[in-house]
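All values derive from a computational prediction rather than experimental measurement. Each chain gets a letter, A, B and so on, in the order its sequence line appears, and its residues count up from 1.
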2 protein chains.
Amino acid sequence: MKKITILDIAKELNITFSTVARALNDHPAISAATKKAVRETADRLGYRPNKVASSLRSGKTKIIGVLVPRLDVSFFSSVVHGIEGVMNENGYTILLYQSQESVKQENKGIDTFLRSRVDGIIASISLETEGPGGYEEVKERNIPLAFFDRVPQGLDVPSVTIDDYRGGFMATEHLIKAGYRRIVHINGYRNVHIFNERLRGYLDALTQHGLPIDEDLIVKGDFSLEFGRKCVRDLLAKGTAFDAVFTLEDFTAMGVVQELKAVGKHVPKEVGVVGFANEAFTSLVSPAVSTLDQRTVEMGEEVAQLFLRLLKKGNYYSHKPEKIVLIPKLLVRESSSR
Amino acid sequence: MKKITILDIAKELNITFSTVARALNDHPAISAATKKAVRETADRLGYRPNKVASSLRSGKTKIIGVLVPRLDVSFFSSVVHGIEGVMNENGYTILLYQSQESVKQENKGIDTFLRSRVDGIIASISLETEGPGGYEEVKERNIPLAFFDRVPQGLDVPSVTIDDYRGGFMATEHLIKAGYRRIVHINGYRNVHIFNERLRGYLDALTQHGLPIDEDLIVKGDFSLEFGRKCVRDLLAKGTAFDAVFTLEDFTAMGVVQELKAVGKHVPKEVGVVGFANEAFTSLVSPAVSTLDQRTVEMGEEVAQLFLRLLKKGNYYSHKPEKIVLIPKLLVRESSSR
DNA sequence: GTGAAAGCGCTAACAA
DNA sequence: TTGTTAGCGCTTTCAC
């Protein structure tokens, strides 16, 4: 199949290729008859506009780079699902890159996007990323940029996040109101902003409700199901009294529940448990695990829409960046209902 | 920030832009000194090669279109994770498109990929897609194409699939060997190849083990947790005797387990249950649900590698297409262990 | 070892 | 209403 260009269509119709180009782009100054003839010939010959050529000429690719840590984490794939849906409806395509939680790989992604001349970048930074990193250059090149969930420090950019502080607060307050008093919080050992926020919410909820802050109840570690189990074992071994656990995410909460069941502690009667993220399994296990929904698809749609508004503005870095904060939804289930 | 091109670097060094181009591409005929000078100047000026221009000229974009039904389904996001990982290591970037299970949207995706002049397409068709559809044209244009999991009928193309027949057979045989005799199979109402294969495996396993085929035990429906519950209710209401259920996927299996528990039937003592897909929750619920692992990340990596081999061959449609069939892994858990 | 020049397929300003 | 023309930033052939 020979490659058909506007020149082939032009020859076929004995007109010039610029007339063909205009007809295809529905230019107002072209007669209906010409447009019709051009379109028919284009269809007949199997013409496909070459986006590469038009991008080179126009300076617009209609491609948005989306950079996420990893797509096998349901949080990120849901958000990307939301982003793609909205972008697609608006004529944009998604160029996808995974940082695999590594700064080096993240910077490679940014570099690829810059070389590819994407019309913009939507990202969520890796756990390793400390400062603005490679995103500084994106800003300098005046390429529109928006973040979701994990936003770099030291770079004033548009973003959609959930209120992790509120999430931590809501979870803890809910446990307090349910009558739990000695609430363990399992956090991550890494110094990540959103983790710190959840911790801050936990602390403030305790304080506001007149409960003491007990350092023994704040555990830092990797997050995994196994770590949740280990935490419970360690706390019991040390003889630390506790009657509830609020974890950084759901897998740890699941581990906590499993270990408590294993040692014969009833959830929620003896110990209440609340996770974070609303992973699919939390509603299916028994007891169903209370958690905070992060509104993932919505987050993707919001960041895409925010991005489209930004694109319309032009001058991407002269306005005050729009920052949307979604309130997480507390889902009270069996694990904390007594 | 002014846009830097090879011409700017050339001026800076008083050489021609073609020398710069060669230096940047590590052309053997350029002196080490020139290369060094060019690279330093490029770095200093903040030069980023324009992939759009090089693609237009070379006819290669180094972009692969990946077309999947939807990314909020963990099966697909895991596969895409695998594809991106391998492609990325090999210098390719992923252009992502979701068909949302609609043929129309799928064809729009193919069209976008063709216009974008992707170097190839990896896809999994929508549930609506019947024949070769828009993929026929991809073939005609001699653009390399590979499928995973859901492959179009009537188009002899490379693919990576799992052996759904074997999966159906393994699940059913496992239940038979565990002593179950009246095994219900919940299938989909749509005429989808992979669903039919699982059914065929179920039927053959029964026959080979000398068990009768009972049409009352074969249920067709939508797949969802709720449908699993409904099935159990209906079977009990009709008084159909059964002692095991093999479902098309895990959510239905979960519904089956929930409903059985609700009516006081013990799983696995009274009724054994096996799902399909190894969703994250299956290992976390209680009883843990036996299922078939579809080796999703591996599938993505395999299809990417298959694709890279295909690219090397050139002449994409003159060889016999390579078809890889992965054997699903039976995960025997509590729900079918008695 | 380097330079000159053509052209990939389009967009868009200017002309007629 | 249509034609002419000049690039966008590269790759690549041919020349010296």
Length of the line joining A/Lys60:NZ and C/dG9:C1', which is rounded to integer Å: 19 Å
Using the side-chain hydrogen bond (donor to acceptor under 3.5 Å, both in side chains) rule, collect all pairs that involve residues 114-124 of chain A, keeping only residues at least two apart or in two chains. A/Thr61-A/Asp119, A/Asp111-A/Arg115
List in chain and number order the residues that pass side-chain hydrogen bond (donor to acceptor under 3.5 Å, both in side chains) with A/Glu136, two or more places apart in sequence or in another chain; answer none if no residue qualifies. none
Going by the rule side-chain hydrogen bond (donor to acceptor under 3.5 Å, both in side chains), which residues pair with B/Glu130 if we only count those two or more places apart in sequence or in a different chain? none
Regarding B/Glu12 and B/Arg44, does a basic nitrogen lie under 4.0 Å from an acidic carboxylate oxygen? yes
Can you tell me the distance, in whole Å, between the CZ atom of B/Arg57 and the P atom of D/dT11? 9 Å
Quiz item: A/Ser18 side-chain donor-acceptor pair to D/dT4 base, under 3.5 Å: yes
Separation of atom CZ in B/Arg22 from atom P in D/dT13, rounded to whole Å: 11 Å
Could you check which of D/dC10, C/dT11, C/dC10 has an atom nearest any side-chain atom of A/Ala21? C/dT11
For the pair made of CG in A/Leu56 and P in D/dT11, what is the distance, rounded to whole Å? 12 Å
Pairs touching residues 101-157 of chain B that satisfy ring-ring contact (aromatic ring centres under 6.0 Å, His included), sequence neighbours left out: B/Tyr135-B/Phe147
Taking five pairs at each end of the helix from C/dG1-D/dC16 to C/dA16-D/dT1, what angle separates the two helix axes (nearest 10°)? 40°
A/Ala42 meets the side-chain contact (heavy atoms from CB on, under 4.5 Å) criterion, sequence neighbours left out, with A/Ile9, A/Leu24, A/Tyr47
Pull out every residue in residues 10-17 of chain A that has a heavy atom closer than 4.0 Å to any atom of DNA chain D, ordered by number, or say none. A/Ile15, A/Thr16, A/Phe17
What residues from residues 24-34 of chain B pass a heavy-atom cutoff of under 4.0 Å to DNA chain C? B/Ala29, B/Ile30, B/Ser31, B/Thr34
Could you check how far NZ of A/Lys35 sits from P of D/dT1, rounded to whole Å? 9 Å
Quick one: list whatever passes side-chain contact (heavy atoms from CB on, under 4.5 Å) with B/Gln105, sequence neighbours left out. A/Asn88, B/Tyr97, B/Gln100, B/Ser102, B/Lys108
Could you tell me how far apart A/Lys51 (NZ) and C/dT11 (C1') are, to the nearest whole angstrom? 16 Å
List the residues meeting side-chain contact (heavy atoms from CB on, under 4.5 Å) with B/Gln153, not counting sequence neighbours, and say none if there are none. B/His193
Rounding to a whole Å, what distance do you find between B/Lys36:NZ and C/dG1:P? 18 Å
Residues in salt bridge (Lys or Arg N to Asp or Glu O under 4.0 Å) contact with A/Asp26, at least two apart in sequence or another chain: A/Lys35, A/Arg39
Taking 4.0 Å as the cut-off, does a side-chain nitrogen or oxygen of B/Thr19 come that near to OP1 or OP2 on C/dG3? yes
Nucleotide C/dT2, atom C1' - distance to CD1 of B/Ile6 in whole Å: 14 Å
Hits for side-chain contact (heavy atoms from CB on, under 4.5 Å) against B/Asn90, two or more places apart or cross-chain, chain-then-number order -> B/Val86, B/Tyr92, B/Leu308
Under 3.5 Å, is there a donor-acceptor pair between the A/Ser74 and A/Ser77 side chains? no
